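Step one of this worksheet: look at the structure below.
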Amino acid sequence: MNTKYIFVTGGVVSGLGKGITAASLGRLLKNRGYKVTIQKFDPYINIDPGTMNPYEHGEVFVTDDGAETDLDLGHYERFINENLTKNSSVTMGQIYWNVLEKERRGDYLGKTVQVIPHVTNEIKEKIYGFEDTDTEIVITEVGGTVGDIEGLSIIEAIRQVGLEKNPEDVLYIHVTLLPYIFGSNEIKSKPTQHSVKELQSYGITPNILVCRTEQDIPDNIREKLALFCNVRKTSVIQNKTADCLYAVPLMLEKEGLAREVCNHLRLDNYIPDNEKWENMIKKIRNIDKKKEVNIAIVGKYVKLEDSYISVMESIRHAGFENDVNTNIKLIDSETINKETVSQKLDDIDGIIVPGGFGERGIEGMIQTIKYARENKIPFLGICLGMQMSVVEYARDVLGLKDANSSEFSKTTKNPVIHIMEEQKEIRKKGGTMRLGSYPCNIKQDSLAEKMYQTKQIDERHRHRFEYNNDYKEKLEKAGLICSGTSPDGKLVEIVELSQDKHPYFIASQFHPELKSRPNKPAPLFVGLVKKAKELKGM
């Protein structure tokens with residue numbers, strides 16, 4: 001079978017759920033037995049989201065191969081249960097960078113370098129990059145909305161794909177908004193009509209409309225959209241807000257999205273096997289509403305929930321596994337000090353201190369960790385959260401009052417977190433972070449082994465600083481066990497307290513949330529929610 005290409009564009013406003021639509025379609029096609037991958041084209045000129053403000057862009061999702069990517073890749077992985085790569089995340093910054101490098105090398109043989117064909121060819125190279133793999137269907141989400149000046153070259157490139165490939169191998173889906181006007185009690189189709197007209201002006205006629213709406217779409221509106229937007233009535237797909245994010249694929253299945261895709265792309269595997277996904281959703285919906293645990297995320301980027309989207313989803317996954325509802329409370333670590341910590345965390349059943357960069361809010365994190373440790377509240381530290389757990393223990397148990405990370409203090413006499421000598425050499429050559437998947441050996445009979453049920457794991461990283469091994473012997477003697485290390489023993493990956501000291505206190509240098517799935521939750525989150533539930537007497 002020829003590789004099939006599906007392009008998902010957006011119109012009217014951003015934030016309509018293009019990523020969830022693409023991810024849901026990926027799940028529905030995978031349930032039909034197809035090998036599916038998803039990629040995201042972002043129109044911004046940054047090379048990647050790695051240096052972008054979390055308040056502006058949300059979390060940075062890291063793949064196994066160390067690519068810093070858009071958070072939509074997290075949705076893709078959670079829905080289709082495939083580990084994606086750097087090939088699934090493309091920005092216009094990368095495209096222009098590649099084009100300019102080729103120009104400097106003389107690859108264009110002195111020709112005038114232009115958007116068409118040079119930039120558009122570079123974009124198509126990324127789209128066609130899966131052709132020599134076992135991937136059968138490539139779903140490409142185009143970031144932003146149709147008409148954005150930054151994204152015009154992407155729109156032009158996907159138009160060209162429609163010409164270069166067979167008509168039955170290319171499909172265009174346009175996700176748009178149908179606003180409901182409460183004053184007149186009616187759904188308005190005009191914004192969608194204008195958006196489709198804009199897309200048509202660039203040479204693309206969408207085959208399917210996915211319409212985000214809060215109300216059921218009346219039959220007359222479907223007919224109007226079909227007529228004015230040049231699509232079949234059966235290809236006007238309603239996308240209402242679901243009670244559970246992971247129910248969206250089944251909702252779109254019922255609406256006929258996958259049916260329309262199969263018809264257009266002439267896919268033979270028409271009948272889906274959605275049983276496992278349906279059972280998962282039934283299990284989620286059957287959780288007793290009275291069973292609830294309060295889990296706090298104490299971090300520095302809480303003003304935008306998307307900054308911790310994978311952490312929040314991992315908590316929910318752990319709740320599904322433990323048959324309990326998880327009420328997630330985001331707390332700004334800057335608001336926590338010795339005086340406020342007990343009040344802020346008074347009704348909390350489990351605490352997570354997540355990753356981050358920079359000194360702001362650090363002391364609040366340390367106070368939070370101390371409170372969780374001393375009051376026996378189930379605790380999970382992630383990346384920076386692990387580093388601050390080491391700092392807190394060194395200060396309050398070992399008595400090293402100036403213990404700190406050398407990221408935050410150049411003068412501390414006790415840098416329990418630091419840059420290793422090997423890293424200093426790497427940094428001189430331009431590398432600054434440990435990124436992507438690394439193996440970790442787990443100590444026998446530890447809490448980590450109990451959670452993972454194995455002695456070796458692979459987890460994803462995104463950080464610069466490491467545990468200082470000069471303090472390892474002292475910290476372990478005092479009770480902070482290094483239960484996970486790199487295979488050569490040089491890098492500490494997990495620290496924990498023994499269960500006779502604390503019911504659940506564990507922290508990882510890696511980001512376990514990046515590999516959590518709704519039907520296969522991250523073990524460290526499962527353990528946290530399970531212990532919170534147990535201590536609450538449920």
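Note that the structure is predicted; figures quoted are calculated from it, not measured.
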Thr69: side chain to side chain donor-acceptor pair (under 3.5 Å) partners, not counting sequence neighbours = none
side-chain hydrogen bond (donor to acceptor under 3.5 Å, both in side chains) partners of residues 311-321, not counting sequence neighbours, each pair once = Tyr246-Glu313, Tyr246-His317, Glu313-Arg316, His317-Ser516
Ring-ring centroid check Phe130 Tyr128, cutoff 6.0 Å | no
Could Glu168 and Lys4 be called an ion pair, given the rule that one side-chain N must be under 4.0 Å from one carboxylate O?
-> no
Charged N to carboxylate O below 4.0 Å: is that the case for Arg104 and Glu101?
-> no
Mind checking what makes side chain to side chain donor-acceptor pair (under 3.5 Å) contact with Thr37, not counting sequence neighbours?
-> none
Would you please test Met1 and Ile137 for side-chain contact (heavy atoms from CB on, under 4.5 Å) and show each step?
-> CA-CA 10 Å; Met1 149 176 150; Ile137 302 172; 4.2 Å; yes
Asp65: partners by side chain to side chain donor-acceptor pair (under 3.5 Å), with sequence neighbours left out | Thr63
Who pairs with Lys197 by salt bridge (Lys or Arg N to Asp or Glu O under 4.0 Å), at least two apart in sequence or on another chain?
-> none
Between Glu164 and Tyr5, do the side chains contain an N or O donor and an N or O acceptor separated by less than 3.5 Å?
-> no
Who are the side chain to side chain donor-acceptor pair (under 3.5 Å) partners of Lys102, not counting sequence neighbours?
-> Glu122, Glu125
Could you tell me whether Glu493 and Arg460 have a side-chain N and a carboxylate O separated by less than 4.0 Å?
-> no
Name all residues meeting the ring-ring contact (aromatic ring centres under 6.0 Å, His included) criterion together with Tyr108; count only those two or more places apart in sequence or in a different chain, and write none if there are none.
-> His118
Quick check, are the ring centers of His57 and Tyr44 under 6.0 angstrom apart?
-> yes
Apply salt bridge (Lys or Arg N to Asp or Glu O under 4.0 Å) to Asp288 and list each qualifying residue two or more places apart in sequence or on a separate chain.
-> none
Please list all pairs passing the salt bridge (Lys or Arg N to Asp or Glu O under 4.0 Å) test where one or both residues lie in residues 511-528, with sequence neighbours left out.
-> Glu77-Arg517
By salt bridge (Lys or Arg N to Asp or Glu O under 4.0 Å) - contacts of Lys240 (at least two apart) = Asp216
Which pairs count as salt bridge (Lys or Arg N to Asp or Glu O under 4.0 Å) when at least one residue sits in residues 275-286, sequence neighbours excluded?
-> Asp243-Arg285
Hey, does the Lys NZ or Arg CZ of Arg78 hover above the aromatic six-ring of Tyr76, less than 6.0 Å from the centre and inside 45° of the axis?
-> no
Do NZ/NE/NH1/NH2 and the carboxylate oxygens of Lys233 and Asp219 come within less than 4.0 Å?
-> yes
State whether Lys165 and Glu131 are salt-bridged, where the test is any N-O pair (Lys NZ or Arg NE/NH1/NH2 against Asp/Glu carboxylate O) under 4.0 Å.
-> yes
Carboxylate-amine/guanidinium contact Arg232 Glu260, below 4.0 Å = no
Scan His461, Arg462, His511 and name whichever one has a side-chain contact (heavy atoms from CB on, under 4.5 Å) with Cys383.
-> His511
Can you list the residues that meet the salt bridge (Lys or Arg N to Asp or Glu O under 4.0 Å) rule with Lys86, with sequence neighbours excluded?
-> none
